[in-house]
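Single-structure report; data block below.
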Amino acid sequence: MTVTENSPTLSENEVKFEELLAMGAKIEPRDWMPDDYRKTLIRQIGQHAHSEIIGMQPEGNWITRAPSLKRKAILMSKVQDEAGHGLYLYSAAETLGADRTDMLEKLNNGKMKYSSIFNYPTPCWADMGAIGWLVDGAAICNQVPLCRTSYGPYARAMVRICKEESFHQRQGYEIMLTLSNGSAKQKQMAQDALNRWWWPAIMMFGPRDDQSPNSELSLKWKIKLFSNDELRQKFVDIAVPQANILGLTIPDKDLSWNEKTGHYTYGEPDWEEFFEVIRGNGPCNKERVSNRREAHENGQWVRDAAIAYAKKHAEAALSKAA
Amino acid sequence: MSTPLAPTKNDLYAYTLRQADNSMVLCQRLCQWAARGPELEEDIGLTNIGLDLIGQARSLYQYSASLFDRPVDENDLAFLRDPHEWSNLLLVEQPNGDFADTIARQYCYDAWHLPFLEQLTASNDTTLAAIAAKSVKEARYHVRHSSMWVKRLGDGTEVSHRRMQDAITAVWPFIAEMFIADELDQRMLEIDVGVDLRALQSAWESQVSALLANATLSKPIDVKAIVGGRQGQHTEHLDDLLLEMQALPRSMPNHQW
């Protein structure tokens, strides 16, 4: 709640804002909103957009090497969707007064973050399966509730994104299914990929609830609707039976079915690793950001040309009209 | 009126494969741009074109496969043939270079591909005609996209003008090949299955000349043509491209993916 020292009561704006939230109505760009609500959203939507853009790299890495024409077409389409998601999300952030160029600048110079999951490498084709199944699967658990988030443009962008993510998840699982039913070597590739991606996927939900500094306000403002641990549990409950169908083993010795709670109990991830990757010390942090920066810098002359051309021709059209 | 002559199965296979190889190789080049475009919109645009091309390649490979004398599928044709068995134009295998190089290659190809497909829609072979009819709509967008960029880069800044001019100069030796008909092209033309390549040349030249002039670019003159793609004589770039594309299926043959 935004209560300043000088005014112990809520302002008219604040009352209206709280009322809209309480009714479950959407906050729209022209509505008044607390500064921190705006800042939190710009941070979250911006990070989400950046995650889509950086997320194009680990999979883009396999587009040229996809082992069948069908897989290649699907992967191209998926990476293209990610660029599209980036675009909708930057647009949603722009409705809050942020600027895409400025946000990309902050991504390139490390001032804004993106999901740590994309700092892990994709050395094998099976990683395309594991990413779709687990990473997109975890993203769906996180993102489906965001279709009902309190900020209108973000919620609406998420509706479309979730539809596409669900296709991404299914194509990933299908890759895993094909590999698991293939040769012994293919099944091993699938198992190795599961071993590589399981814990990073578990950590995608963020720190434990008692360690998550931003969660409380986000829950109050209905930006977030479920806590990190609630979403993580949901993901584990969905993924374990899926792994069983594949005949693969989840690399968690503490994993067991809890009759009493009706949920799976799972082990503790290596949080030290999580924070190290966030601090920039994951296996691919430097590579991902430097590739991004390189693409941006190599494209500068192209963007300059497009602007110069548009300007020249707008001027020419004007002088013709005059 | 006499019944039109039918092509031999071998001729139809080889002719279809040529067109498939063009789409496949150019698609693979565009795939190499993934996450490297100058702007997000362009990442999406280039992938769109790549997706159209892979769709065309798949239809054509599937048709080729149905004409082959042993049971093969689209993946065998794309992933298990050696460079000398590929019959694409040399133009499409040229490396991406910078964005201007990619656009120069793309525009020169698109401006040829669209009228090629338009003619192919009238082919006596109903499958080729149907694939062409679907592809022609896609090629219309491709040529619009690439010609816009030739104009923007040619008539943009000093730097972009220089880069675009260099790129046009660099692709020019590979243009003549698009209009040279070999014996197979000739046979397919005679029975109204194939496209008259020579007939495409003058329209291509006037269209491209007009666009280059509009983009303040000059048309290269006295350029020695480099040819051989249709006969399997490729530049060294195709080898690298296929090495990357075919690596996994070749290292694990007879696997489903």
Side-chain angles (χ1 to χ4, degrees), chain A residues 49 52-73 75-77 79-84 86-87 90 100 104 124-125 175 178-179 181-183 185-186 189 288 291-292 294-296 298-313, chain B residues 24 27-48 50-51 54-55 57-58 61-62 73-75 77-79 98-100 103 148-149 151-161 163-164 215 241 244-250 252 254-257:
Chain A
E52 299 280 358
I53 302 310
I54 294 287
M56 291 165 72
Q57 289 184 36
E59 290 174 290
N61 178 27
W62 276 94
I63 287 184
T64 53
R65 294 179 291 157
S68 78
L69 295 179
K70 179 182 133 185
R71 295 291 180 208
K72 193 194 260 304
L75 198 57
M76 288 169 76
S77 194
V79 173
Q80 186 190 38
D81 283 350
E82 282 153 11
L87 276 185
Y90 287 125
R100 172 171 141 193
L104 280 170
C124 168
W125 167 251
I175 292 175
T178 308
L179 294 175
N181 292 325
S183 68
K185 199 171 164 191
Q186 282 177 311
M189 285 165 74
R288 300 287 187 240
N291 285 346
R292 179 63 232 148
E294 196 181 302
H296 186 76
N298 287 344
Q300 189 61 52
W301 69 273
V302 177
R303 297 190 296 276
D304 290 346
I307 292 167
Y309 177 87
K311 219 173 139 192
K312 258 187 234 180
H313 288 263
Chain B
M24 189 68 243
C27 165
Q28 180 70 3
R29 282 288 179 228
L30 295 179
C31 286
Q32 293 171 336
W33 271 100
R36 292 184 176 85
E39 188 78 284
L40 264 180
E41 282 80 353
E42 211 41 42
D43 273 321
I44 295 174
L46 291 177
T47 310
N48 251 339
L51 279 165
I54 199 171
R58 292 187 69 187
Y61 281 137
Q62 285 160 14
D73 67 16
E74 54 171 4
N75 291 316
L77 293 175
F79 294 100
D98 66 11
F99 189 66
I103 288 299
M148 235 358 264
W149 274 113
K151 285 197 273 184
R152 285 191 194 114
L153 298 181
D155 192 17
T157 62
E158 231 172 272
V159 173
S160 72
H161 176 83
R163 285 179 180 247
M164 195 63 231
L241 178 141
E244 182 183 34
M245 183 173 106
Q246 300 178 332
L248 184 51
R250 283 197 179 231
M252 293 174 68
N254 303 316
H255 279 66
Q256 291 300 309
W257 298 99

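Chain letters run A, B, ... following the sequence lines, proteins first, then strands; residues in each count from 1.
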CG/Leu248(B) to OG/Ser68(A) distance, rounded to the nearest 0.5 angstrom?
-> 10.0 Å
Pick from Arg65(A), Glu59(A), Gln300(A), His296(A): which one has the most heavy-atom pairs with chain B under 4.5 Å?
-> Arg65(A)
Heavy-atom pairs under 4.5 Å with chain A are the metric here; pick the option from Arg163(B), Met24(B), Met164(B), Arg29(B) that has the most.
-> Arg163(B)
Top contributor to chain A interface from Cys27(B), Pro38(B), Ser160(B) [non-hydrogen pairs under 4.5 Å] | Pro38(B)
For Ala310(A), is it the side chain, the backbone, both or neither that has a heavy atom under 4.5 Å from a heavy atom of chain B?
-> neither
Just wondering, do Arg36(B) and Glu294(A) contact through their side chains at under 4.5 Å, heavy atoms?
-> no
Relative to chain B, which segment of Lys311(A) carries a heavy atom at a distance below 4.5 Å: side chain, backbone, both, or neither?
-> neither
Met148(B) versus chain A, the contacting section by heavy-atom distance below 4.5 Å | side chain
From Asn48(B) atom CG to Met76(A) atom CE, the distance as rounded to the nearest 0.5 Å = 9.0 Å
Under 4.5 Å from a heavy atom of chain B, the part of Arg71(A) involved = side chain
Lys312(A) NZ: over 12 foreign heavy atoms closer than 6.0 Å | yes
Any side-chain heavy-atom pair from Asn181(A) and Gln256(B) closer than 4.5 angstrom?
-> no
At a heavy-atom separation under 4.5 Å, does Ala34(B) approach chain A through its side chain, its backbone, both, or neither?
-> side chain
Flag the one option from Thr47(B), Leu46(B), Asn254(B), Asp155(B) with the top tally of heavy-atom pairs under 4.5 Å to chain A.
-> Asp155(B)
Phe79(B) versus chain A, heavy atoms under 4.5 Å apart: side chain, backbone, both or neither?
-> side chain
Interface residue of largest heavy-atom contact number with chain B, from Pro67(A), Gly299(A), Ala306(A), Ala305(A), under 4.5 Å = Pro67(A)
Can you tell me how far the CE atom of Met189(A) sits from the NE2 atom of His255(B), to the nearest 0.5 Å?
-> 8.5 Å
Chain B interface, residue from Leu87(A), Asn61(A), Val302(A), Thr64(A) that has the most non-hydrogen pairs under 4.5 Å | Thr64(A)
Go through Gln57(A), Lys70(A), Arg292(A), Gln186(A) and name the one with the most non-hydrogen pairs under 4.5 angstrom from chain B.
-> Gln186(A)
Do Arg303(A) and Glu42(B) pass the salt bridge (charged side-chain N to carboxylate O under 4.0 Å, His left out) test, and can you show the C-alpha distance, the side-chain angles, and the key distance before you say yes or no?
-> CA-CA 10 Å; Arg303(A) 297 190 296 276; Glu42(B) 211 41 42; over 6 Å; no
Part of Leu40(B) lying under 4.5 Å from any heavy atom of chain A = both
Spacing of CG belonging to Asp98(B) relative to CH2 belonging to Trp301(A), to within rounding of 0.5 Å = 4.5 Å
Reported CG-to-CG distance for the pair Leu153(B) and Asp304(A), which is rounded to 0.5 angstrom | 11.0 Å
Begin from the C-alpha positions of Trp257(B) and Leu179(A) and carry the test side-chain contact (heavy atoms from CB on, under 4.5 Å) through to its verdict.
-> CA-CA 7 Å; Trp257(B) 298 99; Leu179(A) 294 175; 3.8 Å; yes
Atom group of Ala57(B) that falls short of 4.5 Å from chain A, counting heavy atoms = neither
One option among Gln32(B), Lys151(B), His161(B), Arg250(B) has the most heavy-atom pairs under 4.5 Å with chain A, and it is Lys151(B)
Below 4.5 Å from any heavy atom of chain A, which atoms of Trp33(B) appear? Answer side chain, backbone, both or neither.
-> neither
Heavy-atom contact with chain A under 4.5 Å, split by part of Ala78(B) = side chain
Could you state the interatomic distance from CD (Gln28(B)) to CD1 (Ile63(A)), rounded to the nearest 0.5 Å?
-> 9.5 Å
Evaluate the salt bridge (charged side-chain N to carboxylate O under 4.0 Å, His left out) criterion for residues Glu74(B) and Lys72(A): first the C-alpha distance (whole Å), next the side-chain angles of each, then the deciding distance (0.1 Å), finally the verdict.
-> CA-CA 13 Å; Glu74(B) 54 171 4; Lys72(A) 193 194 260 304; over 6 Å; no
Heavy-atom pairs under 4.5 Å with chain B are the metric here; pick the option from Ala83(A), Gly182(A), Gly60(A) that has the most.
-> Ala83(A)
Main-chain N/O of Leu69(A) paired with Asn75(B) side-chain donor or acceptor, under 3.5 Å | yes
Measure distances from Ile307(A) to the heavy atoms of chain B and classify the residue's part below 4.5 Å as side chain, backbone, both or neither.
-> neither
Is it true that a side-chain atom of Gln80(A) and a backbone atom of Asp43(B) form a donor plus acceptor pair closer than 3.5 Å?
-> no
